[in-house]
Engineer: 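Right, I'll just put the structure down here and ask away after.
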There are 2 protein chains.
Amino acid sequence: MERSGGRSGQTRADTREVVLAAVRLFTESGFDATTMDHIAAATGVSRRSLFRRFGSKEDILFAEHDELFSTVVRFLEASPDDPLSSVFSAARLVLQGYLGDPEITVPRYHLVRAHPRLRDREVAMTARYQAAFSRYLARREGGEDRSLAAGVAAASLISAHNHVLRGWLRRPEQDRGEVWASFDEAVAFVRRAAEPMLHAEREPGHDHVLVAVYPGGTDREELLRRVGAAVREAEGP
Amino acid sequence: MERSGGRSGQTRADTREVVLAAVRLFTESGFDATTMDHIAAATGVSRRSLFRRFGSKEDILFAEHDELFSTVVRFLEASPDDPLSSVFSAARLVLQGYLGDPEITVPRYHLVRAHPRLRDREVAMTARYQAAFSRYLARREGGEDRSLAAGVAAASLISAHNHVLRGWLRRPEQDRGEVWASFDEAVAFVRRAAEPMLHAEREPGHDHVLVAVYPGGTDREELLRRVGAAVREAEGP
DNA sequence: CCTCTCCATGGCATTCGGTGCCAGAATAGG
DNA sequence: CCTATTCTGGCACCGAATGCCATGGAGAGG
């Protein structure tokens, strides 16, 4: 079957058209006040088919988001190496998904803010991303259990992403360049924290400040040896 | 009004008794298959009063959790200074809340795992903690916007907490000492990453290793001053 | 062109969560 | 003991969500 494209014919209301109509109704009349019958009447799709195609009233609002999530997951599965960079790119993809569809994402943001139930739904979505990122970061060769570091890194990244995303959602009219700039900044911020975390066993750099005081004439080799020993001790067992 | 204590009289089914009965029904018959009428019949509380007292069927399962959340928020509000340590203590309080009530938290964990809807609810709870922690960490004097660092730190802590919590929930019979040990470890892990984040502008700790070599007889004050200056130079732009 | 098949649709009936309304019981307080 | 407030439970009702079944359209094969 061919995609009907963007045409708004009477033929078969596309998923996107239904979502847009529903979003409009939700923002005009409120989420609770809008019944499935209203949406059915507005879209020409029967109430029964709406439930069949979307699952629930909430799912209409988050249909596009679910698609985005699948896209991101597929992207991650296709990314072979350098997991940290892959995850950062995935987060970039998520932000791009939001920015690229303001007609849905922006009013949805305001609906979500107003209604606790929808807020929980949105939060659950970000948790799904976080879980996917965490799983991706954790499944590395090497016997040790990296799940703690992976989880923390994923949580940090998601938090930074949401920080930037909220900033844009509050003022969607702002320049996209600024948004991407602050995203890059936030990601760099997280990278500084996460990078040493995931390589914790091999490299020094646990945020220690080492002050070594030795007699001025100490041999360089000897000094380096002692400093190295001190660092290893500071890193712990 | 006096608390009825632990008595299981006919008088007035306590909140906790209702929750326990509901949890039992949920695990026996499944969450969906258990209707509010069943819970009403099992507890002696009318269906109408159940809705009045708990709000919804899900809320019965999470009633104790809501209480814990209020406790933690009150604790945070009463904590004046050293915000990072306060937040860590708050996380400890949350874990304690879980460990202290396995009769509810453990079966709830299995219910949550099985049912996506309940999982979303659980995720929403942790998001509430995260938001509370983040707000608490961000509301510091100083004009700069610390919300990114605060959000990332809160997310990291919550992630670490959940990491430990899940470990216990999967094997609740394990020694409590081990649980607390792994919690301390996880918190220390997060602290190493979060501490420099929140004091990025003021204190050293950007993963530099400073080696200062001075004559053995140097005055302590002088030495500290020079080290401080070197650190500031290394940090700053 | 006709027919058979498959799948999406939509109407119908039903279950169940959730709420408003109101009357009656319980409890505090004088 | 009487009154005011609060909690409770029964009733009716709305709307989300699901199962069942008939219908209709699109495509495959004759």
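Hydrogens, waters and symmetry mates are skipped; everything else that's a heavy atom, side chains included, is used. Computed from a predicted structure; not experimentally measured. A note on names: the letters A, B, ... follow the listed sequences, proteins ahead of strands, and every chain is numbered from 1.
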Engineer: Report yes if at least one side-chain N or O of B/T35 is closer than 4.0 Å to OP1 or OP2 of C/dC16; otherwise report no.
Structural biologist: no

Engineer: Tell me: CG of B/D14 to C1' of D/dT8, nearest whole Å?
Structural biologist: 16 Å

Engineer: Please collect all salt bridge (charged side-chain N to carboxylate O under 4.0 Å, His left out) contacts where either partner lies in residues 28-44 of chain A, sequence neighbours excluded, each pair once.
Structural biologist: A/R24-A/E28

Engineer: Between B/F54 (CZ) and D/dG9 (C1'), how many Å, whole number?
Structural biologist: 16 Å

Engineer: Does anything in residues 167-176 of chain B form a salt bridge (charged side-chain N to carboxylate O under 4.0 Å, His left out)? List the pairs, not counting sequence neighbours.
Structural biologist: none

Engineer: Does A/M36 or B/R47 map to a spot on DNA chain D nearer the 5' end, using the closest nucleotide for each?
Structural biologist: B/R47

Engineer: Pairs in or reaching into residues 92-114 of chain B: which pass ring pair (Phe, Tyr, Trp, His ring centres under 6.0 Å), with residues at least two apart or in two chains?
Structural biologist: B/H65-B/Y98

Engineer: Taking atom C1' of C/dA13 as reference, at what distance in whole Å does atom CZ of A/F51 sit?
Structural biologist: 15 Å

Engineer: How long is the line joining CG of A/D32 and C1' of D/dC14, in whole Å?
Structural biologist: 12 Å

Engineer: Counting neighbours of CD on B/Q174 that are heavy atoms of other residues, nucleotides or ligands and sit closer than 6.0 Å, is the number greater than 12?
Structural biologist: yes

Engineer: Hey, does the side chain of A/R53 come within less than 4.0 Å of C/dG10's phosphate (OP1/OP2), counting only N and O?
Structural biologist: no

Engineer: Who pairs with B/D120 by side-chain hydrogen bond (donor to acceptor under 3.5 Å, both in side chains), at least two apart in sequence or on another chain?
Structural biologist: none

Engineer: What is the distance from CZ of A/F31 to P of D/dG15, rounded to the nearest Å?
Structural biologist: 14 Å

Engineer: In whole angstroms, how far is the C1' atom of D/dC11 from the CG atom of B/D37?
Structural biologist: 13 Å

Engineer: Ignoring hydrogens and angles, write down the donor-acceptor pairs under 3.5 Å from the side chains of residues 180-188 of chain A, residues two or more places apart or on other chains.
Structural biologist:
unit_1: A/S182; atom_1: OG; unit_2: A/E178; atom_2: O; d: 3.4
unit_1: A/S182; atom_1: OG; unit_2: A/V179; atom_2: O; d: 2.9
unit_1: A/D184; atom_1: OD1; unit_2: A/R92; atom_2: NH2; d: 2.3

Engineer: For a quick test of reading the model: is some side-chain N or O of A/S46 closer than 4.0 Å to OP1 or OP2 of C/dG10?
Structural biologist: yes

Engineer: Among pairs that include at least one residue of residues 149-166 of chain A, which meet salt bridge (charged side-chain N to carboxylate O under 4.0 Å, His left out), considering only residues two or more places apart or in two chains?
Structural biologist: none

Engineer: Hey, can you pull the residues of residues 55-63 of chain A with a non-hydrogen atom under 4.0 angstrom from DNA chain D?
Structural biologist: A/G55, A/S56, A/K57

Engineer: Could you pull out the protein-nucleic contacts involving nucleotides 19-22 of chain D (nitrogen or oxygen on both sides, under 3.5 Å)?
Structural biologist:
unit_1: D/dG19; atom_1: N7; unit_2: A/R48; atom_2: NH2; d: 2.9
unit_1: D/dG19; atom_1: O6; unit_2: A/R48; atom_2: NE; d: 2.6

Engineer: C/dG17 P sits how many Å from B/R121 CZ, rounded?
Structural biologist: 16 Å

Engineer: Show me the pairs that pass ring pair (Phe, Tyr, Trp, His ring centres under 6.0 Å) and involve residues 68-91 of chain A, at least two apart or across chains.
Structural biologist: A/F69-A/Y129

Engineer: Does A/D101 pair with A/R16 as a salt bridge, N-O distance under 4.0 Å?
Structural biologist: yes

Engineer: Roughly how many Å is it from CD1 in B/I39 to P in D/dG9, rounded to a whole number?
Structural biologist: 15 Å

